[in-house]
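So that the names make sense, note that chain A is the first sequence line, chain B the second, and so on, each numbered from 1.
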Amino acid sequence: MQRALSIDPGKCTGCLQCELACSFEHTGLFNPSRSVIRVFTFHEEGRFVPYTCTQCAEAWCLQSCPVDAISINADTGAKEVNEATCVGCKVCTIACPFGTINYSQATGKVVKCDLCGGDPQCVEACPTDAIVYVDADQTGLERMRQWAARTDAAATA
Amino acid sequence: MHHLVVGAGPAGVTACETLRQLDPSAHITLLCGESGEPYGRMAIPYYLVGNIDEAGTRLRKRPGYWESLRISLRHDRVAALAPDDDRVTLESGETLDFDRLLIATGAHPVSPAISGIDLPGVVHCWTLEDARAIAERAAEGSDVVLMGAGFIGCIILESLVKRGVKLTVIEQGPRMVPRMLDAVAGGMLQAHCESQGVRVLTRTRAEAITEAEGRLTVATSQGEIAADLVIVATGVRSNTGFLDCSGVECDQGVLVDEQLQSSRAGVFAAGDVAQGPDLLSGSRQVHAIQPTAVEHGRIAAHNMVGQGARYPGSLNMNILDTLGLVSVSFGNWEGGDAHHALVLDNRDAGRYLKLVFDEQDRLRGAIAVGHTEKVGVLRGLIQSRRPLHGWRERLQRDPTRLAEAFVAMPLAQAVKA
Amino acid sequence: MAWTGKILRVNLNDKTCKEEPLNREWAQQYLGQRGLATKYLVEEIDPKADPLGPDNKLIFATGPLTGTMASTGGRYSVITKSPLTNCVACSNSGGFIGQELKNAGWDMVIVEGKADGPVYLYIENEKAELLPADDIWGTSVWHTDEWLHKRHQDPLLRIAAVGRSAEQGCLYSAVINDLHRAAGRSGVGTVMASKNLKAMAVRGTLGVGNIKDPKRFMQAVNAAKKVLADNAVTGQGLPTYGTQVLMNVINEIGALPTRNAREVQFEGANEISGEAMHEPRPTDGKPNLVTNAGCFACTIACGRISTVDKGHFSVKNKPEYWGASGGLEYEAAWALGSDTGVDDLDALTYANFICNEDGMDPISFGATVAAAMELYGRGVLTTEQTGIPFDFGSAEALVKAAEWVATGEGFGKDLGLGSKRLCEKYGHPELSMTVKGQEFPAYDPRGIQGMGLTYATSNRGACHLRSYTVASEVLGIPEKTDPLTAEGKPALVKAFQDATGAVDSSGLCVFTTFAWTLEDIAPQIDAACEGEWTPERLLELGERVWNLERQFNLAAGITGADDTLPKRLLEEPAATGPAKGLVNKLDEMLPEYYQLRGWTPDGVPTPETLQRLGL
């Protein structure tokens, strides 16, 4: 069974170890700006929400790519960008309504979460188990959003 | 069951793949109107710069792909759709019967009616063949005139500059990409192009093109411009000509309903040729963009096999990278008084953001220049059709927090098609 | 390696920003951050320079591990000559801007001169420029933060700024970064404002690399992370209660300075403790504490994020304070609470918000309010000066005081002088609980003897963070010593001071040392930085830094006579608790300390000592 990232924002402290691990794995540098997982800080609510691609079934990015540069890894289920094929047209970055595939000025290509080939480094780095890699139907997305929804409620209260 | 898909752009190709997925036993024919493998027009600028070869423009790259899906790929065009029978006549003269038809014939470029428009050295930039012609003529140091600073013109602008040509852009409208960007953003784009050595003439109309000794001269409302090559990018029109007398109702494109079905049962349309529901207004519009084409193709395929799928409507959006300045626009960004629009204007630093809300505090449009991070959430925010409630006030204070606004919303269901 | 090798020199006189190479030789001797920046300051300014004049310099410095994945590796320090103490000042902060600076490619920013009008420094990788700050001058740090994010349309911009208190000349103004982290002590924010520099906004996307041996580095980092996770203090106590875990503990051992250190135990301690922050309020049913929070790369996450009850008098009809923000750390809770006798947790939290919003050091602020309350209680100050009744225990007075100092209004001007100058102004210097002009923090040296020596000898004026012997004397880290005896404390203080000097120069947080020793830290530095880095070398480096700071202070006119404590701690015995009857035995400890340091009986480093340390 394929596994998925399960994110529990309630456990997140906003330390960005996940962003560091992600960037180190993919670029060899500690560079949060090039991490494909991003921790959002909701300062006024005191909440931290790690946020990355959920490898959604719709695969908006894959569908919209005009040059077939995004494919599904049969082992992990991750939608992966083939850097050699990507032309950097950025269509996927507006097609993905989650904003989780982005253009990298540094490479001229788009980047997204590839689950590190099945060994996600953000999970390894997280000190509080806010991000885990599990066999589960209920992945991080719903819980992430349920948590964040309280932010919404708080804002209207 | 025979599905006939006419047109091998993103809409047609996606439809074929979806059809195969949904109906393993169906007979699927994909008609490709151009020679060679199906390719993506979005890739043409990168071909022009030389970042990729022709193979790099292909929509699907795996060898033997079509055969592996048992999609019968044929190179031909439809000359006519019979009014009463489920049959088309091809340009080759052959006829094909179908059970379901998908019209995904895209669009063709249109030229202004001026003298000299047919001269050699005056070309469109629409097909791979056009691109080859441009690649041949747009040599370093040559004078090139780009007629039209719309989206198509702008996506090839950078590749022309990178080829080292001396470029003049003429645009009839008051600014660059007038249908995608407002005055501030269009102005930023123009200033940026000019700073990179491109001459940009707005509110300028080409009146005639003449040739003398291998050189062209474009006469414009602002004077004459000499050129070695003139590229015409003044707009496109849906390819619906073959539907005359077919009983398929057309306006700017093939009018389709929420199932992407035309006025004629069993005949569907998708992509640039389809005039389908617009997410925001509910009216029917042509949104000639890649993501819409793909969604059209997928939804149409579902309905072609009888799995009812409803399309909530397309959202107009575009992204441009013009010599390093990235601009995006989504939805209905026009208008918006002080109460309904949030604007951050730091044009000197290459940054601009405009968010437009409707009466219910729902985001209905956005323009961003100089932003690339998480811009997709603008689509998510608009597509959700959810009021931003308490976030409205926060965005008022700092509109750049829109990604947070999105992450904070319980949108998971709303963004699903 | 690990260093970027680049320094940004910002000259406010001619508004230039220039790149220069880092002095690699100095980096080997002083590592980074506190040590290395102090070396630059010592080399570049006249020790007698007016701290608020154009000749003083202000350095923002990262350490070699800043921006890496080493746990807590996000620290930076602000180094300058302090207007509060006239000593060298080095204030250390976490948050996120330190790593951002490193990610932009800079080890340090040295700011010199004075701008002719308000400016802010904008850094985007190699690009650095001074931009007009007229629109944000006269506004709070929080407003400035929002304005800069909007101005640059960049939600990821990291910002450090000074508030209105600094502009108004409050002598203990902090540099606040990331809304609620502070380079808090010694008035480094006052220096920044004196230069007309309102803020520094940084965006770095280059990445931090230059790791000598990345594989070994990650192994060392992961091993050290595990040590933090497995330790009771860093793995459980600090994440759960923050430093506020100490409030009840310190009160119980009779070392909680109360009402301007008249007493050593506070009857309201439990009301303002870390435990109380978890309790649902009777009014709105919500606890003060919303969550704990980590600074960059920190796997401890001791930070407090709190709210004030919307109905509390301090925030009534002020919705801008209804959201969560940086909550009480132990030192702040003590200064704003125990030291002023106020046991209203909401009032303390609100005052702490104001300290963050307008950049005041809550320790110095609270201790100054405490001194003013004692002066008021003695009738030296009256409502004529204070405007409102200023009794110990008055939450209203505390809240008003915070607002006044924040904006420089009314009595806020006097309070902005700090305890020493305030007490001198009103004729009672003996009531100032300061050393070298800086207010001492939350440990009473009568109940924790080592802290007396710590305060007396700290190079930046009274401070707990220069040698946190509380770890040993109270918590038993690395081994338990008796807090009530002076015996062995000089050696303990020296060892803590030297080790801390190294940690403060590395980019790591000193709180790691609840769990880590230099044996855990050295392998991380060694794998990252060129050269060989052993615990012994780091300890010696710390000692070098200590002596360098001492040399600067001596040259600035500070002498061994200033290594003392307020008379109260030396002459008025503790009235209650385990330390009942005790004063601090500084006179027993100081000579031995000088001797251990290799200093003369007057507290001057001997030539041999200086030579041994390469000074």
Side-chain angles (χ1 to χ4, degrees), chain A residues 9 33 38 40-45 47 49-51 54 56-69 71 82 84-105 108 110 141-142 144-157, chain B residues 10 14 39-43 45-47 51-52 56-62 65 155 289-291 293-295 297-298 317-321 324 326 328 330 372-384 389-391 393-394 403-412 414-417:
Chain A
S33 71
R38 161 93 183 274
F40 282 95
T41 298
F42 294 89
H43 180 76
E44 286 143 88
E45 287 77 23
R47 292 204 179 93
V49 182
Y51 185 74
T54 59
C56 71
E58 290 79 6
W60 309 81
C61 59
L62 182 152
Q63 297 283 354
S64 69
C65 178
V67 294
D68 207 14
S71 55
N82 180 346
T85 312
C86 172
V87 294
C89 76
K90 312 174 190 68
V91 169
C92 56
T93 71
I94 57 169
C96 167
F98 300 103
T100 49
I101 185 163
N102 286 283
Y103 180 66
S104 166
Q105 217 85 40
V110 295
L141 180 71
E142 272 316 308
M144 184 166 80
R145 286 178 179 278
Q146 281 164 12
W147 174 265
R150 289 162 58 184
T151 298
D152 187 27
T156 51
Chain B
T14 305
Y39 66 92
R41 294 202 202 292
M42 286 297 293
Y46 307 93
Y47 166 71
N51 285 355
I52 51 172
T57 67
R58 285 178 193 159
L59 279 171
R60 298 295 179 261
K61 298 205 161 50
R62 190 147 50 83
Y65 182 77
I155 64 170
I289 55 172
Q290 171 108 9
V294 169
E295 286 157 28
R298 198 171 66 238
M317 55 190 175
N318 262 318
I319 184 160
L320 268 180
D321 185 345
V326 177
V328 295
F330 291 87
T372 55
E373 185 64 19
K374 307 260 179 296
V375 286
V377 301
L378 286 166
R379 178 185 190 178
L381 283 168
I382 296 172
Q383 196 163 291
S384 73
H389 287 320
W391 272 91
E393 190 269 330
R394 289 191 211 192
E404 284 165 78
F406 176 76
V407 172
M409 297 280 148
L411 296 175
V415 293
K416 293 191 177 182

Side chain, backbone, both or neither: which part of [X] has an atom under 4.5 Å from a heavy atom of chain A?
X: B:Val375; result: both
X: B:Phe330; result: side chain
X: B:Glu373; result: both
X: B:Leu59; result: both
X: B:Val377; result: both
X: B:Thr372; result: both
X: B:Arg58; result: backbone

_Holding to side-chain hydrogen bond (donor to acceptor under 3.5 Å, both in side chains), I want the full list of residues that pass it with A:Ser71, two or more places apart in sequence or in another chain._
none

*Using side-chain hydrogen bond (donor to acceptor under 3.5 Å, both in side chains) as the criterion, list what pairs up with A:Thr41, not counting sequence neighbours.*
none

*For chain B, find which of A:Gln105, A:Arg38, A:Glu44 contributes the most heavy-atom pairs closer than 4.5 angstrom.*
A:Glu44

What distance do [X] atom [atom1] and [Y] atom [atom2] have between them, rounded to the nearest 0.5 Å?
X: B:Asp321; Y: B:Ile155; atom1: CG; atom2: CD1; value: 11.5 Å
X: A:Cys96; Y: A:Ile101; atom1: SG; atom2: CD1; value: 7.0 Å
X: B:Gln383; Y: B:Leu378; atom1: CD; atom2: CG; value: 12.0 Å

*Less than 4.5 Å apart, any side-chain heavy atom of A:Val87 and any of B:Asn51?*
no

*Are A:Tyr51 and B:Lys374 close enough that some pair of their side-chain heavy atoms sits under 4.5 Å apart?*
yes

_Among the listed options B:Gly56, B:Ala403, B:Ala43, the residue most often paired with chain A at heavy-atom distances under 4.5 Å_ = B:Ala403

*Looking only at non-hydrogen atoms, find the nearest pair between B:Tyr46 and A:Cys89 and report the distance.*
OH-CA, 3.1 Å

*With a 4.5 angstrom heavy-atom cut-off, which part of A:Cys56 approaches chain B: side chain, backbone, both or neither?*
neither

*Check each atom of A:Phe40 against the heavy atoms of chain B and say whether the ones under 4.5 Å are side chain, backbone, both or neither.*
side chain

